[in-house]
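Values reported hereafter were calculated over all heavy atoms of this structure, with side chains retained and with hydrogens, waters and symmetry mates removed. Letters A, B, ... mirror the listed sequences (proteins, then strands); counts begin at 1. Since we're looking at a predicted model, the values are computed, not measured.
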Amino acid sequence: MPEGHVLHRAARLQGKRFNGKEVSMASPQGRFSEGAAQLDGQTLETIHAKGKHIFYRFDSGDSLHVHLGLFGKYRINKPPFPEPSPNCRVLMWTDECELHLAGPNQCRVLDPDEVVAALDRLGPDPIVNDPGDRDEFIKRIHKRKIPLGRAIMDQSIVAGIGNVYRSELLFQIGVNPFRLAADTDPETLGQLWDHSVVELKAGERVGKIITVDPIDVGAEKRSQLTRGERLYAYKRDGKDCRRCGDFIMSADIDGRNAWWCAGCQPA
DNA sequence: GTGTCATGCGTAT
DNA sequence: TACGCCTGACACG
């Protein structure tokens, strides 16, 4: 169940094993047989992520585009390779390593123009954080008359934030998720971008979403936090805020639950 | 075993 | 706003 950090981490770790290698590809489940046959035997040049999308570019110039959606999952296996699951959409392997993909929302072969078009649909990605991205984010979000809790889930405004980071980032800047983006001052929106950069990059490094400042739970290091101590707001409704002790609230925003602290993030 | 829920998103109404 | 897609983990009986 992936937000942007998962895909960037996948691109980095899978790249170590497959970049520059001639790979075999198959679709045990059968729903990607045509694409797998097309890419089978090609050399994988690079793996690249933007937001929640990942692109595998091959020497023909074509790319495998994957979006995991809510259910997609990767597994990496070493020899002896286990039997692939019946739901395995893509199996890609060399002699040393095998990548197993099940349940992706999107899985297709794109030509270079289609890759550019797919990338263009996405807003700036905090993990990439190119020069100008921060200003571009502020520009895109500040003109929207929609709640911040909806705006930061819009991948054309900022790419990579999902439901966990939504609640955690708005907690960190102390802003209620129902505040309209257009009514939020640019300085605060800039802080929101800065927190996104820090938190998503941390998530990419560690492979887990941990937003809590250890001080708030009496620990010394983030790595010492238990599973239940890692987040401030997400799925903590009814519990006490780790920072101010007030109640954590929840409500549906855009069909997904959002969580916030009644004290730290007043309406 | 069955039912529910989940870190997502596109399309139809 | 509702539904369809896609899988797996967990709670419950």
Please tabulate, for the side chains in residues 172-182 of chain A, all donor-acceptor contacts under 3.5 angstrom to protein atoms that are two or more places apart in sequence or on a different chain.
{"residue": "Gln172(A)", "atom": "OE1", "partner": "His195(A)", "partner atom": "ND1", "Å": "3.3"}
{"residue": "Gln172(A)", "atom": "NE2", "partner": "Glu199(A)", "partner atom": "OE2", "Å": "3.0"}
{"residue": "Gln172(A)", "atom": "NE2", "partner": "Thr211(A)", "partner atom": "O", "Å": "3.3"}
{"residue": "Asn176(A)", "atom": "OD1", "partner": "Phe178(A)", "partner atom": "N", "Å": "2.9"}
{"residue": "Asn176(A)", "atom": "ND2", "partner": "Gln265(A)", "partner atom": "O", "Å": "3.0"}

* **Nucleotide nearest Val164(A) when distance is taken to its side chain, options dT7(B), dG8(C), dC6(C)** => dT7(B)
* Provide, to the nearest angstrom, the distance between the CG atom belonging to Asp237(A) and the P atom belonging to dA6(B). => 10 Å
* If we take the P atom in both dT4(B) and dG4(C), what is their distance in whole Å? -> 16 Å
* To do: Can you sort out the partners of Asp185(A) under side chain to side chain donor-acceptor pair (under 3.5 Å), two or more places apart, ordered by chain and number?
  => Thr188(A)
* For Arg230(A), which contact category applies under a 4.0 Å heavy-atom criterion: base, sugar-phosphate, or nothing? -> nothing
* Quick one: label Arg89(A) by what it contacts on the DNA or RNA (base, sugar-phosphate, nothing), any heavy atom closer than 4.0 Å. => sugar-phosphate
* Structure fact -> Among the nucleotides dT7(B), dG8(C), dC6(C), whichever has the atom closest to the side chain of His5(A) is dT7(B)
* To do: Would you kindly give the CZ-to-P distance between Phe71(A) and dT4(B), to the nearest whole Å?
  => 15 Å
* Asked: Using a cut-off of 4.0 Å on non-hydrogen atoms, how would the nucleic acid contact of Ile209(A) be classed: base, sugar-phosphate, or nothing?
  -> base
* Rounded to the Å, how far apart are Asn163(A) CG and dT7(B) P? -> 5 Å
* Under 4.0 Å: is that the gap between some side-chain N or O of Asn87(A) and OP1 or OP2 of dC6(C)? -> no
* **d(CG, Leu70(A); C1', dC3(C)) in whole Å** => 15 Å
* To do: Between dT7(B), dC6(C), dT7(C), spot the one nearest the side chain of Ala102(A), thanks.
  => dT7(C)
* Using atom P of each nucleotide, how far apart are dG1(B) and dC6(C) to the nearest Å? -> 24 Å
* To do: If a pair satisfies salt bridge (Lys or Arg N to Asp or Glu O under 4.0 Å) and one of its residues is in residues 107-128 of chain A, list it, with sequence neighbours excluded.
  => none
* To do: Taking atom C1' in both dG10(B) and dG8(C), compute the distance separating them and give it to the nearest angstrom.
  => 23 Å
* Without hydrogens or angle criteria, can the side chains of Trp193(A) and Asn129(A) be said to hold a donor-acceptor pair below 3.5 Å? -> yes
* Asked: Whole-Å distance between dC10(C) C1' and Arg227(A) CZ?
  -> 12 Å
* Separation of Gln29(A) atom CD from dG8(C) atom P, in whole Å? -> 10 Å
* For Tyr234(A), report the nucleic acid contact type (base, sugar-phosphate, nothing); a contact means any heavy atom under 4.0 Å. => sugar-phosphate
* Which ILVMFWY residues can you reach from Val115(A) by hopping between side chains whose heavy atoms are under 4.5 Å apart? -> Phe55(A), Leu110(A), Leu119(A)
Pairs: protein N or O with nucleotides 9-13 of chain B N or O, under 3.5 Å:
{"residue": "dC9(B)", "atom": "OP1", "partner": "His67(A)", "partner atom": "NE2", "Å": "3.3"}
{"residue": "dC9(B)", "atom": "OP2", "partner": "Lys52(A)", "partner atom": "NZ", "Å": "3.2"}

* Which part of the nucleic acid, if any, lies within contact of Lys208(A), taking any heavy atom under 4.0 Å across all strands shown: a base, the sugar-phosphate backbone alone, or nothing? -> nothing
* Atom CD1 of Ile152(A) and atom C1' of dT7(B): how far apart are they, to the nearest Å? -> 13 Å
* To do: Let me see the working for Trp93(A) and Asn77(A) under side-chain hydrogen bond (donor to acceptor under 3.5 Å, both in side chains), right down to the final yes or no.
  => CA-CA 9 Å; Trp93(A) 70 95; Asn77(A) 298 314; over 6 Å; no
* Sorted by first residue and then second, give each salt bridge (Lys or Arg N to Asp or Glu O under 4.0 Å) pair with at least one member in residues 225-253 of chain A; sequence neighbours left out. => Asp216(A)-Arg243(A)
* **Presence of Arg9(A) side-chain N/O under 4.0 Å of dT7(B) phosphate oxygens OP1/OP2** => no
* Scan side-chain atoms only and decide if Glu45(A) and Asn19(A) contain a donor-acceptor pair under the 3.5 Å cut-off. => no
* Asked: dT7(B) C1' sits how many Å from Leu231(A) CG, rounded?
  -> 10 Å
